[in-house]
Asks: 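Quick one: this structure, given as structure tokens, is what I'll be asking you about.
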Amino acid sequence: MPSPTTIAFIGGGNMAGALIGGLRRSGQAVEHILVIEPWAEQRERLAQQHGVTALPAADASLARAALVVWAVKPQSFAEAAAACAAQVGGALQLSVMAGIRSETIAAATGSQRVVRAMPNTPALIGQGIAGLYARPQVSDDERAHVEALLAPTGQTLWVDREDDLDSVTALSGSGPAYVFLFIESMMEAARRMGLSDAQGRALALRTFAGATELAMRSEDPPAVLRERVTSKGGTTFAALESMRADGVGEAIVRAVLAAQTRAAELGRGG
Ligand SMILES: NC(=O)C1=CN([C@@H]2O[C@H](COP(=O)(O)OP(=O)(O)OC[C@H]3O[C@@H](n4cnc5c(N)ncnc54)[C@H](O)[C@@H]3O)[C@@H](O)[C@H]2O)C=CC1
Ligand SMILES: O=C(O)[C@@H]1CCC=N1
């Protein structure tokens with residue numbers, strides 16, 4: 001008999017860890033968190049960080065869960081679902097997997113009640129944003145339950161069309177990696193200009209945080225804020241001209257579209 005408060009995670013890696021951390025911070029008892037995680041080192045990490053005992057393989061205890069969170073790599077889903085299907089059919093399914101369509105999840109689990117979420121790693125510190133899509137069979141209460149589960153990890157944003165989750169994946173799911181790459185490049189430039197690593201790190205990170213906060217608080221679009229930094233014939237102008245000559249802006253757009261294409265491929269089993 002499912003217990004309304006029991007949540008099972010299939011896959012106990014990075015994303016599951018971020019969600020479990022949020023659950024623990026919001027008071028969810030460890031007895032009501034089940035995790036299936038075949039990798040011993042990862043089970044050890046979950047025990048140390050969150051006090052949660054993970055199982056190496058699915059067993060009958062999974063049938064207790066009213067909510068099942070799918071947090072394996074898309075390529076592992078079919079195998080993971082085959083091992084759990086007998087126990088999870090009565091539960092609400094929540095997938096964080098990139099690409100895998102809700103129809104595929106419904107067919108593999110025997111439950112039409114499927115919500116897909118696309119979180120990102122700032123969820124670890126409660127600063128994430130997750131895109132959400134629900135199949136029509138999901139009730140308003142179940143939508144609210146999923147929102148409550150994700151609330152400790154940051155903001156949520158519903159989309160009406162499932163395909164839009166591929167765009168969310170490309171923008172905010174993968175997005176932290178683009179930001180980190182930009183920061184890495186600024187730190188490399190700091191090094192080449194003779195600043196210490198600590199100085200480069202402090203200057204680059206604070207610049208990102210400050211500029212992002214300014215953009216969030218401002219009524220002006222980012223383009224206007226950028227123009228305000230750019231004195232004619234000055235240093236920013238020199239930097240932006242160099243970026244324009246290198247096609248940096250268009251290259252970033254192409255990169256995001258490549259991620260969207262890959263999300264769609266993963267959905268087709270690619
Ligand atoms: N890392 C990220 O920034 C984000 C990841 N995602 C999605 O989250 C999912 C998980 O990604 P990560 O946590 O980064 O990967 P991860 O590799 O850290 O975690 C996946 C875990 O699943 C386990 N696993 C493999 N086969 C299994 C099976 N048959 N049964 C149960 N567990 C199994 C692995 O041992 C591993 O610990 C992916 O589908 C990804 O698309 C979504 C948003 C952001
Ligand atoms: O790279 C990936 O496939 C996953 C999905 C979004 C972020 N990481």
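Residues take their numbers from the sequence shown, with the count starting at 1. Fair warning: this is a prediction, and the values are worked out from it, not measured in the lab. As the structure lists them, so they are numbered: ligands from 1, and atoms in each ligand from 1.
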Asks: Which residue is it: T235, V248, T230, V229? I am looking for the one with a side chain to side chain contact (heavy atoms under 4.5 Å, CB included) to L240.
Replies: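 Of all the options given, the one that passes is T230.
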Asks: Please round to the nearest 0.5 Å and tell me the distance separating atom CG of L165 and atom CG of L132.
Replies: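 Between atom CG of L165 and atom CG of L132 there are 8.0 Å.
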Asks: What protein heavy atom is closest to atom 22 (O) of ligand 1, reported as residue, atom name and distance in Å?
Replies: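 So the nearest neighbour among protein heavy atoms is G11 CA, 3.6 Å.
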Asks: Tell me which protein heavy atom sits closest to atom 7 (C) of ligand 2, plus the residue, atom name and distance to 0.1 Å.
Replies: G173 O, 3.4 Å
Asks: Distance to 0.1 Å, residue and atom name: give those for the protein heavy atom nearest to atom 13 (O) of ligand 1.
Replies: M15 N, 2.8 Å
Asks: Do V68 and T109 come close enough that some side-chain heavy atom pair is under 4.5 Å?
Replies: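 No, their side chains stay 4.5 Å or more apart.
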Asks: Walk me through whether E265 and R268 qualify under salt bridge (Lys or Arg N to Asp or Glu O under 4.0 Å).
Replies: CA-CA 5 Å; E265 279 170 9; R268 291 191 296 270; 5.1 Å; no
Asks: Which is it for S102 and R116 under the side chain to side chain donor-acceptor pair (under 3.5 Å) test, yes or no, and what are the steps along the way?
Replies: CA-CA 7 Å; S102 67; R116 286 183 56 200; over 6 Å; no
Asks: Distance to 0.1 Å, residue and atom name: give those for the protein heavy atom nearest to atom 3 (O) of ligand 2.
Replies: A98 CB, 4.5 Å
Asks: What atoms of ligand 1 come closer than 4.0 angstrom to any heavy atom of P38?
Replies: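 It comes down to these atoms of ligand 1: 24 (N), 27 (C), 31 (C), 32 (N), 33 (C).
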Asks: Which heavy atom of Y178 sits nearest to which heavy atom of A259, and what is that distance?
Replies: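 Here Y178 and A259 meet closest at OH-CB, 3.6 Å.
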Asks: Do Y133 and W158 have their ring centres less than 6.0 Å from each other?
Replies: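 Y133 vs W158: aromatic centres not under 6.0 Å.
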Asks: At less than 4.0 angstrom from any non-hydrogen atom of P74, what atoms of ligand 1 do you find?
Replies: 38 (C), 39 (O), 41 (O)
Asks: Determine whether L23 and F9 make a side-chain contact, defined as any pair of heavy atoms from C-beta on separated by less than 4.5 Å.
Replies: yes
Asks: Which ILVMFWY residues can you reach from L203 by hopping between side chains whose heavy atoms are under 4.5 Å apart?
Replies: L195
Asks: Which ligand 1 atoms does Q42 reach within 4.0 Å, using its non-hydrogen atoms?
Replies: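 Contacts of ligand 1 toward Q42, numbered from 1: 37 (O).
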Asks: May I ask you to identify, for A71, whether its side chain, its backbone, both or neither come under 4.0 Å of ligand 1 on a heavy-atom basis?
Replies: backbone
Asks: Listed by chain and number, what are the side-chain contact (heavy atoms from CB on, under 4.5 Å) partners of D140, not counting sequence neighbours?
Replies: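 Only R143 meet the side-chain contact (heavy atoms from CB on, under 4.5 Å) criterion with D140.
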Asks: Below 4.0 angstrom from a heavy atom of I36, which ligand 1 atoms are there? Numbered from 1 as shown, please.
Replies: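 Counting atoms of ligand 1 from 1, those under 4.0 Å from I36 are 31 (C), 32 (N).
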Asks: May I ask you to identify the nearest protein heavy atom to atom 19 (O) of ligand 1, giving residue, atom name and distance to one decimal place in Å?
Replies: G13 CA, 3.3 Å
Asks: Using a 4.0 Å heavy-atom cut-off, say whether M97 meets ligand 1 through its side chain, its backbone, both or neither.
Replies: both
Asks: Starting from atom 37 (O) of ligand 1, locate the nearest protein heavy atom and write down its residue, its atom name and how far away it is, to 0.1 Å.
Replies: E37 OE1, 2.6 Å
Asks: Enumerate the atoms of ligand 1 whose separation from the nearest heavy atom of W39 is less than 4.0 angstrom.
Replies: 35 (O)
Asks: For residues S218 and L225, determine if any side-chain heavy atom of one lies less than 4.5 Å from a side-chain heavy atom of the other.
Replies: yes
Asks: I need the nearest protein heavy-atom contact for atom 2 (C) of ligand 2: residue, atom name and distance, please.
Replies: S174 OG, 4.8 Å
Asks: Considering only non-hydrogen protein atoms, determine which one is nearest to atom 12 (P) of ligand 1 and report residue, atom name and distance to 0.1 Å.
Replies: K73 NZ, 3.8 Å
Asks: Suppose I only count heavy atoms of A98 and a 4.0 Å limit; which atoms of ligand 1 are within that range?
Replies: 39 (O), 41 (O)
Asks: Would you mind listing which atoms of ligand 1 come within a distance below 4.0 Å of any non-hydrogen atom of M118?
Replies: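 Close to M118: 42 (C), 43 (C).
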